[in-house]
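This report refers to the structure that appears directly beneath it.
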Amino acid sequence: MKATEVLDDLRRRFPNEPEYLQAVEEVLTTIEDTYNEHPEFEKYNLIERLCIPDRIYSFRVSWVDDKGNVRNNMGYRIQHSNAIGPYKGGIRFHSSVNQSILKFLAFEQTFKNSLTTLAMGGAKGGSDFSPRGKSDMEVMRFCQAFIQELWRYIGADTDVPAGDIGVGGREVGYMYGMYKKMARENTGTFTGKGLEFGGSLIRPEATGYGNVYFLLNMLATKGIDIKDKRVAISGSGNVATYTAEKLLQLGAKVVSLSDSDGTVIIPDGITQEQLNFVFELKNIYRGRIKEFAEEYNLPYYPGERPWTKVQCDIALPSATQNELNGEEARALLAGGCFAVSEGANMPSTPEAIKEFLAAKILYAPGKAANAGGVSVSGLEMAQNSQKLSWSAAEVDEKLKSIMAEIHRQCTLFGKEADGYVNYVKGANVAGFMKVARAMMAQGIL
Ligand code: NDP
Ligand code: 2IT
């Protein structure tokens with residue numbers, strides 16, 4: 001089948017999975033020319049095999065809350081592709097989680113991991129459990145119940161989960177603890193672990209820092225200095241806060257943060273003291289960004305996203321999928337925004353992407369720009385295998401060179417006749433070709 005025929009077929013078979021179809025459409029429409037140059041791929045029905053996950057585990061997770069009520073959530077693990085290495089990808093805990101969202105994330109992860117230069121296949125898992133408002137004990141009981149079901153399908157050389165929305169160091173610790181107990185092994189299945197039990201330095205920082213490193217690579221192609229640039233960030237979780245930290249170190253001005261309740265604007269740019277407050281608020285007190293706005297008397301917009309609320313040179317969406325639409329993209333462009341680099345997975349809607357590409361600004365899709373997180377996860381796996389731990393400087397150096405290499409691959413496959421680099425096409429073609437070659441070499445599985 002041709003790439004577009006596969007897409008039509010998937011639309012017919014999975015009509016209730018809009019996020020999955022959105023991610024697949026973006027990839028298939030950009031790799032079509034490359035695919036058509038390889039008739040051998042069609043013979044092996046490679047595209048269809050690459051779009052449909054290898055397998056999906058779904059299960060009920062029952063746990064007891066602090067009041068003694070029995071609660072039930074759904075749990076999932078999508079093992080999308082292990083063509084180039086063990087299944088690898090995060091776990092998301094959020095009330096919105098469903099099979100479509102996890103299928104889109106596992107699909108994206110496969111291409112992202114391919115770009116990292118490391119040997120990792122693609123996977124994603126999660127639950128519609130929301131850690132918001134839950135006590136530590138409730139979170140622990142949930143994580144334990146989730147792993148009692150999942151543990152038999154994962155392992156250091158088969159499938160290695162990590163964090164994502166709603167899953168940070170605390171949740172990984174609880175899950176890894178139960179995994180180790182059930183599996184009777186301590187080989188590092190899970191990345192993002194605590195430093196005391198096999199975690200890697202720089203893993204918490206890696207996605208945010210990596211996105212900034214990718215941005216620096218893009219800016220360098222135009223000779224632009226990041227210093228004093230106004231940067232709008234959405235979200236205030238792991239990715240957003242470490243993005244802000246790196247930007248601050250480089251002298252840029254972070255003019256917004258947000259959460260699912262609203263947006264705070266920091267007109268003159270966040271200070272180190274203010275950022276420390278956000279880190280503590282989010283990681284220790286698990287508070288809301290509104291409390292940060294109140295503490296420093298900053299403008300706060302309930303229910304709003306940053307994009308139309310503040311002028312910026314650069315936008316780094318770092319919260320969730322489809323959080324930046326066509327209208328917001330137009331507003332950003334009208335305000336002079338010249339670079340967008342995605343910390344989140346698929347934050348820009350297809351309409352927003354069209355606007356960015358038509359305006360020929362620097363636009364990096366998540367699968368390239370946010371690959372620093374999973375890259376350092378890969379480095380954590382390498383350290384675990386060696387029973388060694390590397391210094392922060394060593395890991396940071398490797399992260400920088402991986403992001404530079406991803407940028408190089410995007411440029412190689414994404415440069416258009418007029419010199420404009422289409423990073424969407426570049427990332428998709430580069431990610432696809434490696435996985436496709438590995439699949440061809442290994443036969444029909
Ligand atoms: P966190 O849970 O640490 O933070 C998520 C942030 O986004 C929070 O501020 C949260 O607000 C906000 N958010 C989540 N869902 C929504 C929603 N539906 N609407 C509006 N705001 C929302 O997650 P991460 O920082 O780890 O993840 C952020 C993004 O980055 C995700 O797209 C994730 O897939 C991606 N990513 C993460 C990596 C990692 O290493 N952690 C690696 C690569 C990509 P609230 O607290 O109110 O929910
Ligand atoms: O979307 C992502 O790349 C992640 N959530 C990180 C995955 C990982 O295995 O570190």
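Counting starts at 1 for both ligands and their atoms, in listed order.
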Atom CG of N276: over 12 foreign heavy atoms under 6.0 Å: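 Correct, the count exceeds 12.
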
Between [Y] and [X], is the closest basic N to carboxylate O distance under 4.0 Å?
| X | Y | answer |
| --- | --- | --- |
| K367 | E26 | yes |
| E380 | K193 | yes |
| K253 | D268 | no |
| D259 | R288 | yes |

Value rounded to 0.5 Å, distance of CE in M120 from OG1 in T110: 11.0 Å

From CD (E171) to CD1 (I91), nearest 0.5 Å: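 It comes to 11.0 Å.
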
Residue pairs fulfilling salt bridge (charged side-chain N to carboxylate O under 4.0 Å, His left out) with at least one residue in residues 91-106, sequence neighbours excluded: E17-K103, R92-D164

Residue contacts for ligand 1, heavy atom to ligand atom, distance under 4.0 Å: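 Ligand 1 is contacted, at a heavy-atom distance under 4.0 Å, by R92, H94, K112, D164, I165, G166, R203, T207, G235, S236, G237, N238, V239, S258, D259, S260, R288, S318, A319, T320, G343, A344, N345, N370.
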
Proximal protein residues to ligand 2, non-hydrogen atoms under 4.0 angstrom: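 Near ligand 2, by chain and number: K88, G89, G90, Q109, K112, K124, A162, G163, D164, R203, N345, G373, V374, S377.
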
Can you give each donor-acceptor pair under 3.5 Å made by side-chain atoms of residues 137-150, sequence neighbours left out, with the distance rounded to 0.1 Å?
residue: E138; atom: OE1; partner: S135; partner atom: N; Å: 3.0
residue: E138; atom: OE2; partner: D66; partner atom: N; Å: 2.8
residue: R141; atom: NE; partner: V64; partner atom: O; Å: 2.7
residue: R141; atom: NH2; partner: V64; partner atom: O; Å: 3.1
residue: R141; atom: NH2; partner: D66; partner atom: OD1; Å: 2.7

